[in-house]
K.L.:
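Let me begin by handing over the structure; questions about it come next.
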Amino acid sequence: MPELETRKVVVVGSGSAGYTAAIYAARADLQPLLFGGVALGGQLMITSDVENFPGFPEPVPGPELMDRMAKQVARLGVQVVQEGVSKVDFAKRPFRLETTEGRAVFAESVVVATGAEAQWLGLPSEKRLRGKGVSACATCDGFFFKGKEVVVVGGGDVAIEEACFLTHFASKVTVVHRRSELRASKALQKCAFSNPKIGFAWDRVVEEILGTEKATGVRLKNVKTGALEELPCGGVFVAIGHKPNTDVFKGQLDLDEAGYVKTDGRARTSVPGVFAAGDCMDSRYRQAVVAAGTGCMAALEAERFLAG
Ligand code: NAP
């Protein structure tokens with residue numbers, strides 16, 4: 001595989017953070033190279049309709065939004081390489097990055113925008129019905145469940161926040177949790193327990209999501225008795241945690257306990273010249289528009305770093 005020349009900016013990731021960083025770097029004449037991974041587009045590629053990205057008066061399918069970003073990046077002359085980064089050396093500049101295909105590249109600055117992945121239950125029915133009533137983001141999809149009964153799986157802060165948020169739309173929200181005690185903060189618990197629209201199915205796990213074309217219910221198993229029961233619902237929100245795609249940066253960048261890249265509020269990581277944007281450094285908001293915003297910040301900071 002050829003050894004590439006040193007680039008001013010290398011962006012890793014092709015979600016809205018990575019594409020936005022590339023757009024800004026290209027417009028600053030930094031001729032960025034973007035390693036987009038084998039499958040381009042990030043998490044929006046598995047999102048049905050996006051209704052909260054400004055500039056789209058009508059809902060836009062996630063893949064179409066990403067396709068538009070890809071075209072914008074191409075028009076600005078960004079070199080996109082459809083390979084994942086498998087190894088990095090940030091110990092000295094220029095930084096060295098190596099891809100799954102064995103390609104090596106050197107970079108004066110790097111924007112890490114590798115995103116995060118929702119943890120899923122791992123059921124075949126869950127995979128089949130994703131985007132058809134099964135979601136991992138209430139903020140993104142809750143609006144589509146007006147007047148419906150929905151299930152939230154999980155007992156952490158996110159599950160309870162999502163359950164509370166979903167009561168703005170759903171007629172009833174049942175939280176399915178594998179224990180009889182929530183992990184969520186007491187404040188969130190108080191909020192959920194006092195909400196008449198929220199019910200709980202304790203000590204239960206989802207055995208299967210029912211439905212062929214769209215989710216129509218869940219089959220639950222009581223982990224204490226083994227008893228099975230079916231609960232009809234129009235939507236299933238899986239909220240059992242997220243995992244940032246940062247394994248490759250372990251030992252190279254400071255990560256928090258959950259693996260998110262630590263940044264300083266200006267997209268700067270623990271290594272000067274390496275910046276991070278989007279869901280790989282944001283466990284809180286996890287929104288495409290926030291990822292785009294932090295991608296912009298990272299590219300502007302990279303530009304300043306290179307100029308300095
Ligand atoms: P989390 O705290 O790790 O909670 C995950 C929940 O999912 C737990 O209740 C866990 O059950 C359950 N779970 C995990 N795997 C499961 C499986 N295979 N089947 C069924 N249930 C499963 O994750 P999170 O709620 O996404 O929160 C992530 C982090 O962000 C946390 O540190 C959280 O405190 C923080 N956060 C804070 C706020 C806030 O401060 N307002 C808001 C959102 C998030 P167990 O309880 O039995 O382990």
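Atoms within a ligand are numbered from 1 in the order they appear, just like the ligands themselves. Scope of the values below: all heavy atoms of this structure, side chains included, with no hydrogens, waters or symmetry mates.
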K.L.:
Decide, yes or no, whether a salt bridge links Lys172 with Glu149 under the criterion of side-chain N to carboxylate O below 4.0 Å.
P.N.:
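Answer for the salt bridge query: no.
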
K.L.:
With a 4.0 Å cut-off on N to O distance, would you call Glu108 and Lys8 a salt bridge?
P.N.:
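Not counted as a salt bridge, because no side-chain N and carboxylate O are separated by less than 4.0 Å.
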
K.L.:
My question is simple, although I want it checked carefully: is atom 47 (O) of ligand 1 less than 4.0 angstrom from any protein heavy atom?
P.N.:
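Within 4.0 Å of atom 47 (O) of ligand 1, protein heavy atoms are found.
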
K.L.:
Would His177 count as a contact of ligand 1 if the rule is a heavy atom under 4.0 Å away?
P.N.:
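Yes, His177 has heavy atoms under 4.0 Å from ligand 1.
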
K.L.:
Going by heavy-atom distance to atom 23 (O) of ligand 1, choose the closest among Ala258, Gly241, Ala239.
P.N.:
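Residue with the shortest heavy-atom distance to the ligand atom: Gly241.
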
K.L.:
Using the side chain to side chain donor-acceptor pair (under 3.5 Å) rule, take Thr114 and Asn245 through it: C-alpha gap first, then chi angles, then the decisive distance, then the call.
P.N.:
CA-CA 6 Å; Thr114 44; Asn245 300 318; 5.6 Å; no

K.L.:
Can you list the steps and then say if Phe95 with Phe90 is a ring-ring contact (aromatic ring centres under 6.0 Å, His included)?
P.N.:
CA-CA 5 Å; Phe95 307 120; Phe90 291 160; 5.4 Å; yes

K.L.:
What I want to know is whether Gly156 and ligand 1 share at least one N or O pair that is separated by under 3.5 angstrom.
P.N.:
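Yes; the residue has a nitrogen or oxygen that sits under 3.5 Å from a nitrogen or oxygen of the ligand.
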
K.L.:
Salt bridge check, Arg128 against Glu126: does any charged N sit closer than 4.0 Å to a carboxylate O?
P.N.:
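The answer is no: the pair does not qualify as a salt bridge.
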
K.L.:
Yes or no, since that's all I need: does a protein heavy atom fall within a distance strictly under 4.0 Å of atom 38 (C) of ligand 1?
P.N.:
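Protein heavy atoms within 4.0 Å of atom 38 (C) of ligand 1 - there is at least one.
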
K.L.:
Output the list of atoms in ligand 1 that are nearer than 4.0 Å to some heavy atom of Leu121, sorted by atom number.
P.N.:
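Near Leu121, the atoms of ligand 1 are 19 (N).
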
K.L.:
Judged on heavy-atom distance to atom 14 (C) of ligand 1, which of His242, Arg286, Arg178 sits nearest?
P.N.:
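The nearest heavy atom belongs to Arg178.
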
K.L.:
On a heavy-atom basis, which atom in Gln119 and which in His242 lie closest, and how many Å separate them?
P.N.:
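Taking Gln119 first and His242 second, the nearest heavy atoms are CG-N, 3.9 Å.
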
K.L.:
Which of parallel (below 30°), tilted (30 to 60°) and perpendicular (above 60°) describes Phe200 and Trp202?
P.N.:
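Answer is parallel, since the angle falls under 30°.
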
K.L.:
Give a yes-or-no answer on whether the side chains of Gln43 and Arg286 include a donor-acceptor pair shorter than 3.5 Å.
P.N.:
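No donor-acceptor contact under 3.5 Å links the two side chains.
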
K.L.:
Quick test: of every protein heavy atom, which one is nearest to atom 22 (C) of ligand 1, and how far off is it to 0.1 Å?
P.N.:
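Minimum-distance protein heavy atom for atom 22 (C) of ligand 1 reads Ile240 CG2, 3.4 Å.
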
K.L.:
Against heavy atoms of Glu161, which atoms of ligand 1 measure under 4.0 Å?
P.N.:
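Those qualifying, in numeric order: 41 (N), 42 (C), 43 (C).
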
K.L.:
What about Val158: any of its N or O atoms under 3.5 Å from an N or O on ligand 1?
P.N.:
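So ligand 1 has an N or O lying under 3.5 Å from an N or O of Val158.
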
K.L.:
With heavy atoms of Arg179 as the reference, note each atom of ligand 1 found under 4.0 Å away.
P.N.:
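Here the atoms of ligand 1 in question are 45 (P), 46 (O), 47 (O).
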
K.L.:
Would you verify that at least one protein heavy atom lies under 4.0 Å from atom 32 (O) of ligand 1, or report that none does?
P.N.:
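Not a single protein heavy atom is under 4.0 Å away.
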
K.L.:
Which residue holds the protein heavy atom closest to atom 3 (O) of ligand 1, what is that atom called, and what is the gap in Å?
P.N.:
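Of the protein heavy atoms, Arg183 CD, 4.4 Å lies nearest.
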
K.L.:
Taking all atoms of both residues into account, what is the closest heavy-atom pair of Ile209 and Ala215, and its distance?
P.N.:
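Reported closest heavy-atom pair: CG2-CB, 4.0 Å.
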
K.L.:
State whether Trp120 and Arg130 meet the cation-pi test: NZ (Lys) or CZ (Arg) under 6.0 Å from the six-membered ring centroid, and within 45° of the perpendicular axis.
P.N.:
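That pair qualifies as a cation-pi contact.
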
K.L.:
Tell me which one of Asp256, Val223, Asp157, Val153 gets a heavy atom nearest to atom 34 (O) of ligand 1.
P.N.:
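Considering heavy atoms of Asp256, Val223, Asp157, Val153, the nearest to atom 34 (O) of ligand 1 sits in Asp157.
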
K.L.:
Nearest non-hydrogen contact with atom 9 (O) of ligand 1 belongs to which option: Gly155, Ala118, Ala187?
P.N.:
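Going through Gly155, Ala118, Ala187 one by one, Gly155 has the nearest heavy atom to atom 9 (O) of ligand 1.
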
